[in-house]
**Student:** 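Dropping a structure here in structure tokens format, bear with me for questions.
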Amino acid sequence: FMAQLPGADAKLIRLNPEWSVENAASTPLEQNLTIQDFRGKRLIITLPGAGGFCNKEFDQVKDNMDKFKAAGADEVIVIVGTDILSNAGRGIPNLFQDPDLEFAKANNLQLDGVRSRYLNRAAIAVDADGNEVARENADLLGCRTVDALVAVAQKAFG
């Protein structure tokens, strides 16, 4: 028996990749979506998103999207703890903020004693039925390698 991903119905804010200055009048800057709004096998990578917390992981995810796809992930979803606009333009199609810490609370990703919107670091694989099939938590300050992140998808979907 596999359990449904906790917080899969939490409303997250995504910077709309379709938005531009030219089409600003007709296209919303932000979209409210949930993990359930995505289909297929999903790899969720959470990042505190604050300076000093290994921001190079953003680029590792963006630059190695083909490796995640090859490992079986249909969608890669990055959830950050801090203000999403400070992470705009990183070239990740599914970059979210958890504004009410709803996802963080459901998944024990809150930092005790920290009032701002921080997420502990996790890589969580969810199958097409919404079941959590793998999870790796990481030290807050340690940098994860792309291989470690891809391995979560391989373990779950391989």
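These figures come from a predicted structure and were not determined experimentally.
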**Student:** Clusters formed by hydrophobic residues whose side-chain heavy atoms approach within less than 4.5 Å: which one holds Leu5, and what are its other members?
**Tutor:** Leu12, Leu33, Ile35, Phe38, Ile44, Ile77, Ile79, Phe96, Phe103, Leu109, Leu119, Ile124, Val126

**Student:** For the CG atom of Leu47 and the CD1 atom of Ile45, what is their distance to the nearest 0.5 Å?
**Tutor:** 7.5 Å

**Student:** Membership question, hydrophobic clusters at under 4.5 Å side-chain separation (ILVMFWY): are Ile92 and Val146 in the same one?
**Tutor:** yes

**Student:** Any idea which heavy atoms bring Arg42 and Gln36 closest together, and the distance?
**Tutor:** NH1-CA, 4.1 Å

**Student:** To the closest 0.5 Å, what do you measure between NZ (Lys56) and CG (Asp63)?
**Tutor:**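 That separation rounds to 12.5 Å.
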
**Student:** Side chains of Asn94 and Arg14: is there a donor and an acceptor less than 3.5 Å apart?
**Tutor:**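 Short answer, yes.
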
**Student:** Testing the basics here: between Lys155 and Ala134, what is the closest heavy-atom pair and its distance to 0.1 Å?
**Tutor:**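 Between these two residues, the closest heavy atoms are CE-CB, 4.2 Å.
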
**Student:** Got Pro17 and Gln31 here, is their nearest side-chain heavy-atom distance under 4.5 Å?
**Tutor:**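 Side chain of Pro17 against side chain of Gln31, heavy atoms only: contact under 4.5 Å found.
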
**Student:** Side-chain contact test, heavy atoms from C-beta onward, threshold under 4.5 Å: evaluate it for Leu149 versus Val61 and give yes or no.
**Tutor:** yes

**Student:** Can you list the steps and then say if Asn23 with Ser20 is a side-chain hydrogen bond (donor to acceptor under 3.5 Å, both in side chains)?
**Tutor:** CA-CA 5 Å; Asn23 66 12; Ser20 68; 3.1 Å; yes

**Student:** Keeping Lys11 on the side-chain end and Thr34 on the backbone end, is there a donor-acceptor pair under 3.5 Å?
**Tutor:**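 Not at all, since once roles are kept as given, no pair shorter than 3.5 Å links the two residues.
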
**Student:** Can any side-chain N or O of Thr27 pair as donor or acceptor with the backbone N or O of Trp19 at less than 3.5 Å?
**Tutor:**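 Not at all, since once roles are kept as given, no pair shorter than 3.5 Å links the two residues.
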
**Student:** State, to 0.1 Å, how close Ala138 and Arg144 come at their nearest heavy-atom pair, and which atoms those are.
**Tutor:** CB-CD, 3.6 Å

**Student:** Applying the side-chain contact (heavy atoms from CB on, under 4.5 Å) test to Ile13, which of Asn32, Leu29, Asp100 qualifies?
**Tutor:**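 For Ile13, the side-chain contact (heavy atoms from CB on, under 4.5 Å) test succeeds with only one of Asn32, Leu29, Asp100, which is Asn32.
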
**Student:** Ion pair present between Arg121 and Glu57, side-chain N to carboxylate O less than 4.0 angstrom?
**Tutor:** yes

**Student:** Could you walk me through whether Lys69 and Asp66 satisfy the salt bridge (charged side-chain N to carboxylate O under 4.0 Å, His left out) test, starting with their C-alpha distance in whole Å, then the side-chain angles of each, then the deciding distance to 0.1 Å, before giving a yes or no?
**Tutor:** CA-CA 5 Å; Lys69 303 284 184 194; Asp66 55 333; over 6 Å; no

**Student:** Does Asp74 reach the main-chain N or O of Lys41 with its side chain, forming a donor-acceptor pair under 3.5 Å?
**Tutor:**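 Indeed, once roles are kept as given, a pair shorter than 3.5 Å links the two residues.
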
**Student:** Under a plain distance cut-off of 3.5 Å, with no hydrogens placed, do Asn107 and Arg135 share a side-chain donor-acceptor pair?
**Tutor:**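 Note: Arg135 and Asn107 side chains meet the donor-acceptor criterion.
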
**Student:** On a heavy-atom basis, which atom in Ala106 and which in Pro6 lie closest, and how many Å separate them?
**Tutor:**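 In terms of heavy atoms, the two residues are closest at O-CB, 3.4 Å.
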
**Student:** Donor-acceptor pair, Asp127 side chain versus Gly130 backbone, under 3.5 Å?
**Tutor:** yes

**Student:** Would you name the heavy atoms of Asp98 and Ala104 that are closest together and state the gap between them?
**Tutor:**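 Looking at all heavy atoms of both residues, the shortest contact is OD2-N, 2.7 Å.
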
**Student:** Do Gln4 and Asn131 have side-chain atoms, one donor and one acceptor, less than 3.5 Å apart?
**Tutor:**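 Side chains of Gln4 and Asn131: pair found under 3.5 Å.
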
**Student:** Taking all heavy atoms of Pro93 and all of Met65, pick out the closest pair and write down the distance.
**Tutor:**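 It is CD-CE, 4.2 Å.
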
**Student:** Is it the case that Asn16 and Glu30 place a side-chain donor and acceptor less than 3.5 Å from each other?
**Tutor:** no

